[in-house]
> 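Got a structure here, written out as structure tokens. Questions coming.
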Number of protein chains: 2
Amino acid sequence: MNEIEKPVYIQVIENLKEEIMHKCPNEPIMSERELALHFNISRMTARKAVDALVNDGYLYRIKNKGTFVADKTLYKSNTLYEEHEDTVYKNLYFNVIPADKEIAEKLNVKVEELILKIVRTAHYKGQPQTLDEIYFVKKYLSSDDIANISKVVDIKKCINESVVEQRFYPMIVPFKYAVLLEIAQGTPIINVQSIMRNHLGVPTLFFSSYLNPHQVTIQIKN
Amino acid sequence: MNEIEKPVYIQVIENLKEEIMHKCPNEPIMSERELALHFNISRMTARKAVDALVNDGYLYRIKNKGTFVADKTLYKSNTLYEEHEDTVYKNLYFNVIPADKEIAEKLNVKVEELILKIVRTAHYKGQPQTLDEIYFVKKYLSSDDIANISKVVDIKKCINESVVEQRFYPMIVPFKYAVLLEIAQGTPIINVQSIMRNHLGVPTLFFSSYLNPHQVTIQIKN
DNA sequence: CAGTGGTCTAGACCACATT
DNA sequence: ATGTGGTCTAGACCACTGA
């Protein structure tokens, strides 16, 4: 019972994903013409579904030969270090502060503009993964948002809806965060700074994350 | 005079890229139907070209309104730190060595398997950018390749033709490389380790790059 | 030779925006 | 009412592969 009928090619994608799960890497799937017959759709529609799955790394094509299941170890996972499903976040504090020069630049607002700053930790299986500083421009937030701080920071949703720019800086763990990350003073770490923007390029969020190198590895596959 | 006639949609992409360069962000381009008329092609072909440019971050679409030029500051640039066109590479040495345990694991070969190791620097405008260690499995290389070491390491080509996995490790710059990178002993840096695989998942190249933090910033946009 | 992916056409209908 | 992007069809030709 679909509330709204999904486009056909989306349904085909879902069917194919299911089918791929039961196949081995490098095993061929149905040819595009077979798919068209099988789902009773045109070949262009079948092809559109396959296009999407190739693009997402589930399948690969060889011209004149066929379409094959990609090796699962070659997942495509753009951007970011991995976040486990059951990561536990704990807000250490949040506060409204005037922007200093650095933050004002990142968020493209004037110095002294009011900023909502949240500092939190992320734990997984009791181990500290990251220490995050999160900065919002207060005037872009509704009072509702501020009341529900914990809900505001749905980073995954933000990432999907925005353009994200991330920079990676090597540094020695800041003195005040070594204890919270449970790592030795003087440990070299990576600080990931993310700026999220809407489609017009206006920054909406600045995110500075200190990674525990014993717990988190940044990894990019394509 | 084309040696081989390019597909129409590729030509349209090139035309559109040229046109986009002369437009401002958020300025609309021709509608898909107009494009089809203008280039005397079918709408589906025009759409395919636009699809590609949207995917690469040159354009964005708003349903029922049109297609617009994306803000240039929001380029899509997957994977890797930026490499300038006129980066100068200098091979410090190359040698055939037996694989130690670490390298053998990365390249999925036996310990003692023969490996071609290259150490090189990358300079840009006289400044050292990175110190790279590059490892090939010798038996996968032709003697021709080995004769032309400088040509072997066309990394960009490798990346486009392979599946790349990159990991980022924070560390203190290794003693022996601090001088070559012209940075102080004890400086925290990022070490990028890349493994390139063919479509069957077989590793073909291991690449370990020590980044000069004063020169190179890792940056990811989506 | 039949089958594959890659490209391309000339239409079509839909839901939604703007005027 | 018109125009937009989003989807979809039922064909077509090409270059190439492998039996």
Side-chain angles (χ1 to χ4, degrees), chain A residues 2-17 19-20 23 25-70 160-161 198-200, chain B residues 2-17 19-20 23 25-70 160-161 198-200:
Chain A
N2 289 330
E3 298 174 14
I4 300 176
E5 190 71 21
K6 288 178 189 173
V8 175
Y9 79 97
I10 297 286
Q11 298 175 38
V12 175
I13 287 175
E14 287 167 359
N15 272 277
L16 283 177
K17 274 191 184 175
E19 199 182 318
I20 289 168
K23 282 182 177 274
N26 308 312
E27 200 174 327
I29 65 164
M30 277 185 279
S31 77
E32 295 170 359
R33 288 166 181 84
E34 282 175 321
L35 284 172
L37 280 174
H38 182 268
F39 289 109
N40 195 27
I41 57 180
S42 78
R43 184 179 156 216
M44 287 302 279
T45 302
R47 189 171 167 79
K48 184 165 184 174
V50 174
D51 274 344
L53 290 172
V54 168
N55 224 317
D56 285 348
Y58 290 92
L59 300 173
Y60 65 94
R61 289 199 255 237
I62 298 181
K63 203 197 286 195
N64 309 320
K65 293 192 71 173
T67 304
F68 305 86
V69 176
N160 286 333
E161 293 177 355
N198 63 21
H199 260 306
L200 298 174
Chain B
N2 289 330
E3 300 175 14
I4 300 174
E5 191 70 20
K6 289 179 189 171
V8 175
Y9 80 97
I10 297 286
Q11 297 175 38
V12 175
I13 287 174
E14 288 167 359
N15 272 277
L16 284 176
K17 274 191 183 175
E19 199 181 319
I20 288 167
K23 283 183 177 276
N26 308 311
E27 199 175 327
I29 66 164
M30 278 185 279
S31 77
E32 294 170 358
R33 289 167 180 81
E34 282 176 320
L35 283 172
L37 280 175
H38 182 268
F39 289 109
N40 194 29
I41 57 180
S42 79
R43 185 180 155 215
M44 288 300 278
T45 302
R47 188 172 168 79
K48 183 164 184 174
V50 174
D51 274 344
L53 290 172
V54 168
N55 223 317
D56 283 349
Y58 290 91
L59 301 173
Y60 65 94
R61 289 199 254 236
I62 298 181
K63 204 195 286 195
N64 309 320
K65 293 193 71 175
T67 304
F68 306 85
V69 176
N160 286 333
E161 293 177 357
N198 63 21
H199 262 162
L200 298 174

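Computed from a predicted model, the values in this text were never measured in an experiment. To find a chain, count down the sequence lines: A is the first, B the second, and so on, and within it residues start at 1.
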> From CD of B/Gln11 over to C1' of C/dT7, roughly how many Å is that when rounded to an integer?
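After rounding, the reported distance stands at 12 Å.
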> With rounding to the nearest 0.5 angstrom, report the CG to CG distance, B/Asp51 to B/Leu59.
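Nearest 0.5 Å value for the CG-CG distance: 10.5 Å.
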> Looking only at side-chain atoms of B/Lys65, point me to the closest of C/dT4, C/dT18, D/dG3.
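In terms of side-chain proximity for B/Lys65, the closest of C/dT4, C/dT18, D/dG3 is C/dT18.
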> Verify side chain to side chain contact (heavy atoms under 4.5 Å, CB included) between B/Thr67 and B/Leu53, making sure each step is shown before the conclusion.
CA-CA 11 Å; B/Thr67 304; B/Leu53 290 172; over 6 Å; no
> Can you name the nearest heavy-atom pair linking B/Ala70 to B/Tyr60, along with the distance?
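That would be CA-CD2, 3.8 Å.
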> Could you tell me the separation between the CZ atom of A/Arg33 and the P atom of C/dA2, rounded to a whole number of Å?
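The distance from CZ of A/Arg33 to P of C/dA2 comes to 14 Å, rounded to the nearest Å.
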> Is the distance from OP1 or OP2 of D/dC8 to the nearest side-chain N or O of A/Tyr9 less than 4.0 Å?
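Looking at the OP1 and OP2 atoms of D/dC8, neither is under 4.0 Å from any side-chain N or O of A/Tyr9.
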> Pairs counted only when both distances fall under 3.5 Å, Watson-Crick or G-U: show me the 5' to 3' dot-bracket for DNA chain C, [ ] for pseudoknotted crossings and | for other-strand partners.
||||||||||||||||.|.
> At what distance, to the nearest 0.5 angstrom, does OH of B/Tyr58 lie from CD1 of B/Ile13?
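Answer for the OH-CD1 pair, B/Tyr58 versus B/Ile13, is 10.0 Å.
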> I need the residues from residues 35-50 of chain A with at least one non-hydrogen atom less than 4.0 Å from DNA chain D; give them sorted by number, or say none.
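Heavy-atom contacts with DNA chain D come from A/Ile41, A/Ser42, A/Arg43, A/Met44, A/Thr45, A/Lys48.
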> As an exercise, state the distance from CD1 of A/Ile41 to CD of A/Gln11, rounded to the nearest 0.5 Å.
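CD of A/Gln11 is found 9.5 Å from CD1 of A/Ile41.
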> Please state how far atom CD in B/Glu32 lies from atom P in C/dC8, giving the value in whole angstrom units.
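Distance, rounded to whole Å: 16 Å.
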> Minimum heavy-atom separation for A/Tyr9 and A/Ala49, please, with both atom names.
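Minimum heavy-atom separation between A/Tyr9 and A/Ala49: O-CB, 3.7 Å.
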> How long is the straight-line distance from CD1 of A/Ile29 back to CG of A/Leu16, given to the nearest 0.5 Å?
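Output value for this atom pair is 5.5 Å.
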> Between B/Ala46 and B/Ala36, what is the shortest heavy-atom contact and its length?
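Looks like CB-N, 4.1 Å.
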> In whole Å, I'd like the distance from the CG atom of B/Leu53 to the C1' atom of D/dG5.
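Atom-to-atom, B/Leu53 to D/dG5, this comes out as 16 Å.
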> Which residue pairs pass the salt bridge (charged side-chain N to carboxylate O under 4.0 Å, His left out) test with at least one member in residues 33-43 of chain A, sequence neighbours excluded?
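Salt bridge (charged side-chain N to carboxylate O under 4.0 Å, His left out) check on residues 33-43 of chain A returns A/Glu32-A/Arg43.
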> How long is the line joining NZ of B/Lys63 and C1' of C/dC16, in whole Å?
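Spelled out: NZ on B/Lys63 to C1' on C/dC16 is 8 Å.
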> From the set D/dC13, D/dA15, D/dG6, return the single nucleotide nearest to any side-chain atom of A/Asn64.
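Shortest atom-to-atom distance from the side chain points to D/dA15.
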> If I take atom CD1 in residue A/Ile10 and atom C1' in nucleotide D/dG6, what distance separates them, rounded to the nearest angstrom?
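From A/Ile10 CD1 to D/dG6 C1': 11 Å.
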> How close or far is atom P of D/dT4 from atom CG of B/Asp51, stated in whole angstroms?
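About 17 Å, once rounded to whole Å.
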> In this structure, how many angstroms lie between the C1' atom of D/dG5 and the CG atom of B/Leu59, rounded?
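Atom-to-atom, B/Leu59 to D/dG5, this comes out as 13 Å.
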